[in-house]
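Each remark here refers to the structure printed beneath this line.
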Amino acid sequence: MSSITSGLNERLDELYRKYWPGLTDALMDVKGYQEVTNPLLLHLRDEEQYILSDYKVMIFGQETNDWGQNFGARTISQLYEDYNGFFHQGDCYKYGGHFWNSFKSYSNAIQSLFPDKSVSFLWNNVIKIGRLGKPGSPEELFTKIQLELLPVLKEELRILNPDLILFFQVLATTALYKSNFSMSNLPLFKGTGKRN
């Protein structure tokens, strides 16, 4: 079992609330902020099940499409409810599209590799704030604000401590690379079933 402890949702909540005021102030000062969505904030439906899972897998996409209404229209708690309803309750698979079809395929394949093990999956995006009403990344200024004022990816990974991280889409990986994000201190999973 991995070394994570309970209180993961509480730690995520503290992380997001730490950056929320600065992010809000910065976005509200930019013309066109009504054209971006609320950020994708992770939340575990069942912390104990996640903690006790033999393998924890986080799958990254690029950005959200029309997530959580326009920025400022939802509270942090409402964004957790959105995540739970969309992802944990399976509404994401009704959404369809390449990402969710691939997500389902990969999660099924991983589960079939370890039929006697419990596997928990989480969805994340490199670009947390999407464009409102249409697919694709928001204007570069909004992505820059997010990377500077909502620098949560590394801490999300430390808190949730996944055994395997998959990046879908080249643009997601490129955006992460350009953000000077480093995974050098994260545990490595080399397919042996054990962490190094």
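Computed over heavy atoms, backbone and side chain alike; hydrogens, waters and symmetry mates excluded.
Counting heavy atoms from C-beta outward, Thr143 and Pro138 have side chains that approach closer than 4.5 Å. Taking 4.5 Å as the limit, every side-chain heavy atom of Phe114 sits out of range of all side-chain heavy atoms of Asp54. Looking at heavy atoms from C-beta onward, Pro162 lies in side-chain contact with Leu157 at the 4.5 angstrom threshold. By the 4.5 Å heavy-atom criterion applied to side chains, Val36 and Val30 are not counted as neighbours. Looking only at side-chain heavy atoms (C-beta outward), Tyr16 and Leu42 come within less than 4.5 Å of each other. Contact of the Asn124 side chain with the Leu153 side chain is registered, since non-hydrogen atoms from C-beta on lie closer than 4.5 Å. Counting heavy atoms from C-beta on, the side chains of Glu48 and Ile51 never come closer than 4.5 Å.
Hydrophobic clustering (ILVMFWY, side-chain heavy atoms < 4.5 Å, transitive): Leu122 and Phe168 are in one cluster. Hydrophobic clustering (ILVMFWY, side-chain heavy atoms < 4.5 Å, transitive): Leu12 and Leu23 are in one cluster.
Remark: side-chain polar atoms of His88 are paired, donor with acceptor, to backbone N or O of His43 under 3.5 angstrom. Side-chain atoms of Glu63 do not come within 3.5 Å of backbone N or O of Ile127 as any donor-acceptor pair. Between the side chain of Thr37 and the backbone N or O of Leu132 there is no donor-acceptor pair closer than 3.5 Å. No donor-acceptor distance shorter than 3.5 angstrom exists from the side chain of Lys154 to the backbone of Pro151, with no hydrogens or angles considered. At least one donor-acceptor pair closer than 3.5 Å links the side chain of Asn38 to the backbone N or O of Asn70. Looking at Gln111, its side chain does come within 3.5 Å of a backbone N or O of Lys117 through a donor-acceptor pair. Between the Glu47 side chain and the Asn9 main chain, a donor and an acceptor come within less than 3.5 Å of each other.
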Start with the C-alpha distance between Glu155 and Lys18, add both sets of side-chain angles, then the distance that settles salt bridge (Lys or Arg N to Asp or Glu O under 4.0 Å), and finish with yes or no. CA-CA 12 Å; Glu155 197 58 31; Lys18 171 180 164 183; over 6 Å; no
side-chain contact (heavy atoms from CB on, under 4.5 Å) between Tyr106 and Val57, worked out: CA-CA 10 Å; Tyr106 273 82; Val57 180; over 6 Å; no
Pair Leu160, Leu44 - check side-chain contact (heavy atoms from CB on, under 4.5 Å), show working. CA-CA 9 Å; Leu160 297 167; Leu44 299 173; 4.0 Å; yes
Please lay out, stage by stage, how Leu40 and Tyr83 fare under the test side-chain contact (heavy atoms from CB on, under 4.5 Å). CA-CA 8 Å; Leu40 177 69; Tyr83 187 89; 3.8 Å; yes
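The neighbour count for Gln34 CD, taken as heavy atoms of other residues, nucleotides or ligands under 6.0 Å away, is above 12. When the shell of 6.0 Å around CD of Gln78 is examined, it contains more than 12 heavy atoms from other residues, nucleotides or ligands.
Note that CH2 of Trp67 and CG of Asp82 are 5.0 Å apart. Values are rounded to the nearest 0.5 Å. If you take CG on Asp25 and CD1 on Ile145, they are separated by 11.0 Å, rounding to the nearest 0.5 Å. From Gln69, atom CD reaches atom CG of Leu79 across 9.0 Å, with rounding to the nearest 0.5 Å. Asp13 contributes atom CG, which lies 6.5 Å from atom OG of Ser77 (distance to the nearest 0.5 angstrom). Distance CE/Met58 to CG/Leu166: 11.0 Å, rounded to 0.5 Å.
For Phe71 and Phe142, the gap between ring centers reaches or exceeds 6.0 Å.
The shortest heavy-atom contact between Ile76 and Arg17 is CD1-CG, 3.6 Å. Nearest approach of Val152 to Tyr19, heavy atoms of both residues: CG1-CD1, 3.8 Å. Taking each heavy atom of Lys128 and Glu156 in turn, the nearest pair found is NZ-OE2, 2.7 Å. Closest of all the heavy-atom pairs between Phe86 and Trp123 is CD2-CZ3, 3.6 Å. Closest non-hydrogen pair, Trp20 versus Pro39, comes out as CZ3-CG, 3.5 Å. Looking at every heavy atom in both residues, Asn125 comes nearest to Phe60 through C-CD2, 3.8 Å.
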